[in-house]
Structures are given as C-alpha cells and as structure tokens.
Amino acid sequence: SNGGDIMVQVTVTGGTITGNTVFESGEFGSDPAGGGVYSKTPGFSNFVTLGGTAKIIGNVDSDYEGNNYASNLYLGDNSAIQIREYGDNAPAEGMSVGVTTEYGPYEGTPVTFAAYVEPTDAKYFFADNEDYAVAFGNDEDVCGEGCLQLVVPQAEDYYPVRIGGTKISRFNKDDVLRDGGSVSFDPDTNTLTLNNTTIGADAESSLREAIKSELPAGKTLTVKLIGTNVIGRAPDEEYEEYTVKTGLFIGKGMTKAAA
C-alpha cells in the first residue's frame, strides 16, 4: 500500500487455463468479464505476470442471448501484463494468451508494461477481438521504450494461405490456431507445419477447403506433418475430404477424419 494505492499481482508461468465460461456479463466490447483471468480492481494497480509456457486460451463470455465471445485474459482499468518480472520467467515456446481490454479496443491500446518487453514477445499473445492483433510498439507517448499493443492488421500483413478458414498473417504465423503452436507457417519457405492437430473445412468457402493456397505461379506450398494430424471432412459430400490447391505433403502420420 502506498498512499491508499494497492498493487494486486497474479503470476502464471505454466499450465493451461481453458474451457471456462462466464455468463451474462454483457455484450463483447462493453463489459466482457474474462472467462479465463479477470484483472480489475477499481482504483488499484493490477499486474498479471506471465511467462514460461502459460496458456490462457479457449475461454468465453456468454451474453444474455447465449452468444459466446472469446474472453481469455481481461485487463480492466489500471491493469496490464508484466513480462519477465525482474528479468526472469521469459516466455517460452508453447505460451499462448488471448487478451481483452476494458477500454477500446482501438489501435495502439497497450496491453503490457514497457519493462523487459522484447519485440519477439508479441507472438505469444493475440487479441480476443479478431479484428485486432498484438504487436510490439515503441511510440514514446504510449509505450516508452516499448510495449505490446493492439493493432489493426492491414491487407499486406496477410499471406495467401488459409487453414480451416483462418487467415494466416505475420501476427499469427507462429501459432495460427492460437493453441500453443499446433499450426505454424514459414513465409520464407512457404512451409505450413501441422503438429498433432485437427483441421476442419472452411465453411465460408464454396469449395470447403481445409487448406487453401493462393500462392502466385511458380510458388509451391509445402505442408509438413508431425505426429498425427486429422484433416476434417467437408460438410458437402460432393467435395473431397480435404483439398490443397497447390502443394506437396511431406512427413508421416496424417489421418482422415472419420466419415
């Protein structure tokens, strides 16, 4: 306590917080209480310290009409993420955290404190609101020496590859499905890696592709398979169980979903 101000701190450096639902807390964007972690104490400062392989994913806020909205780590007023507390507990491969902010979201909303933040830390975080992404910024008016903040992806941020209907961008390429890295994409080699995952068909596409490549002529999509990967059946039996428009499968262990 300092002059009536209290610092509240929660630390998560491993494990998974997932599958939780908070009911009837409001529509997304108004007051979506975190289904995973809720950090808000009016008038107080709140630190959510994250590191290691912590996962806060797959949690939702359900409104009065039964609509579900992603709400994993909710940052209320005076709340922010702290990475590498005193330089320790750096994020590690497999970490994945979805973030919702009380104010906004809007372009440039900070989600971390500036201390100990590295540009590469952004790949471990994503915005629960799919219109935004998390990126490193160093605008002195917002972040000082640098922090993670919400940004709006632009057309040039996306690659011409989709998986299960999910667009791949420079923001999610290391963890496309936001589950800790079961799907990743290397734009330098045009290699899509599936690591023990299940991919459904793209319901918004007329061809119902599970994997779709629109790489330019002369470019080939390589799909690398690790472990057992299930490529889901398209809803319409007129189409193949999976479709890769351009590419070469390499590796072993792919199986098809049961009919």
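This is a predicted model, so every value here is computed, not measured. One is the number of the first residue; the rest follow in order along the sequence.
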- Given side-chain contact (heavy atoms from CB on, under 4.5 Å), test Thr222 with Asp186 step by step and report yes or no. CA-CA 10 Å; Thr222 297; Asp186 182 348; over 6 Å; no
Yes or no on side-chain contact (heavy atoms from CB on, under 4.5 Å) for Leu221 and Ile211, after CA distance, side-chain angles and deciding distance?
CA-CA 10 Å; Leu221 174 68; Ile211 301 172; 4.0 Å; yes
(Q) Please evaluate residues Val12 and Val97 with respect to the criterion side-chain contact (heavy atoms from CB on, under 4.5 Å), reporting the C-alpha separation (whole Å), side-chain torsions for both, the decisive distance (0.1 Å), and the verdict. (A) CA-CA 11 Å; Val12 184; Val97 177; over 6 Å; no
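Between Gly227 and Asn196, the shortest heavy-atom contact is CA-OD1, 3.4 Å. In terms of heavy atoms, Ala135 sits closest to Ala122 at CA-CB, 3.9 Å.
For Asn190, there are no side chain to side chain donor-acceptor pair (under 3.5 Å) partners at least two apart in sequence or on another chain. In this structure Ala127 satisfies the side chain to side chain contact (heavy atoms under 4.5 Å, CB included) test together with Tyr132, Leu150, sequence neighbours excluded. Not counting sequence neighbours, the partners of Asp121 by the salt bridge (charged side-chain N to carboxylate O under 4.0 Å, His left out) test are Arg84. For Arg178, there are no side chain to side chain donor-acceptor pair (under 3.5 Å) partners two or more places apart in sequence or in a different chain. Checked against salt bridge (charged side-chain N to carboxylate O under 4.0 Å, His left out), Asp157 has the following partners two or more places apart in sequence or in another chain: Arg170. Under the side chain to side chain contact (heavy atoms under 4.5 Å, CB included) criterion, Pro119 pairs with Phe136, not counting sequence neighbours. Residues passing the side chain to side chain donor-acceptor pair (under 3.5 Å) test with Glu118, sequence neighbours excluded: none. Residues that satisfy the side chain to side chain contact (heavy atoms under 4.5 Å, CB included) test with Ser184, not counting sequence neighbours, are Thr193. Shown here are the ring pair (Phe, Tyr, Trp, His ring centres under 6.0 Å) partners of Phe185, two or more places apart in sequence or in another chain: Tyr159. By the side chain to side chain donor-acceptor pair (under 3.5 Å) test, Lys173 is found to be paired with no residue, residues two or more places apart in sequence or in another chain being considered.
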Which atom pairs, donor and acceptor, lie under 3.5 Å between side-chain atoms of residues 48-58 and protein residues at least two apart or in another chain?
from  : atom 1 : to    : atom 2 : distance (Å)
Thr49 : OG1    : Gln9  : NE2    : 3.1
Thr49 : OG1    : Gln82 : NE2    : 3.0
Lys55 : NZ     : Gly94 : O      : 3.1

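No donor-acceptor contact under 3.5 angstrom links the side chains of Asn229 and Thr197, judged on distance only.
Rounding to the nearest 0.5 Å places OH of Tyr124 at 10.0 Å from CG of Asp175. Here the CG atom belonging to Asn59 is positioned 7.5 Å from the OG1 atom belonging to Thr21, to the nearest 0.5 angstrom. In this structure, OG1 on Thr166 lies 8.0 Å from CD1 on Ile199, to the nearest 0.5 angstrom. Tyr69 contributes atom OH, which lies 8.5 Å from atom CG of Asp61 (distance to the nearest 0.5 angstrom).
The backbone N or O of Val152 sits less than 3.5 Å from a side-chain atom of Gln154, completing a donor-acceptor pair.
A single hydrophobic cluster is seen to contain both Val10 and Met95, as judged by linkage of ILVMFWY side chains at heavy-atom distances under 4.5 Å, directly or through other members. No continuous path of ILVMFWY side-chain contacts below 4.5 Å connects Phe126 to Tyr74, so the two sit in separate hydrophobic clusters.
For the side chain to side chain contact (heavy atoms under 4.5 Å, CB included) test with Leu73, the passing option among Thr101, Val111, Ile81 is Ile81; the others fail.
With a 4.5 Å cut-off between side-chain heavy atoms of Ile, Leu, Val, Met, Phe, Trp and Tyr, the cluster of Val151 takes in Phe171.
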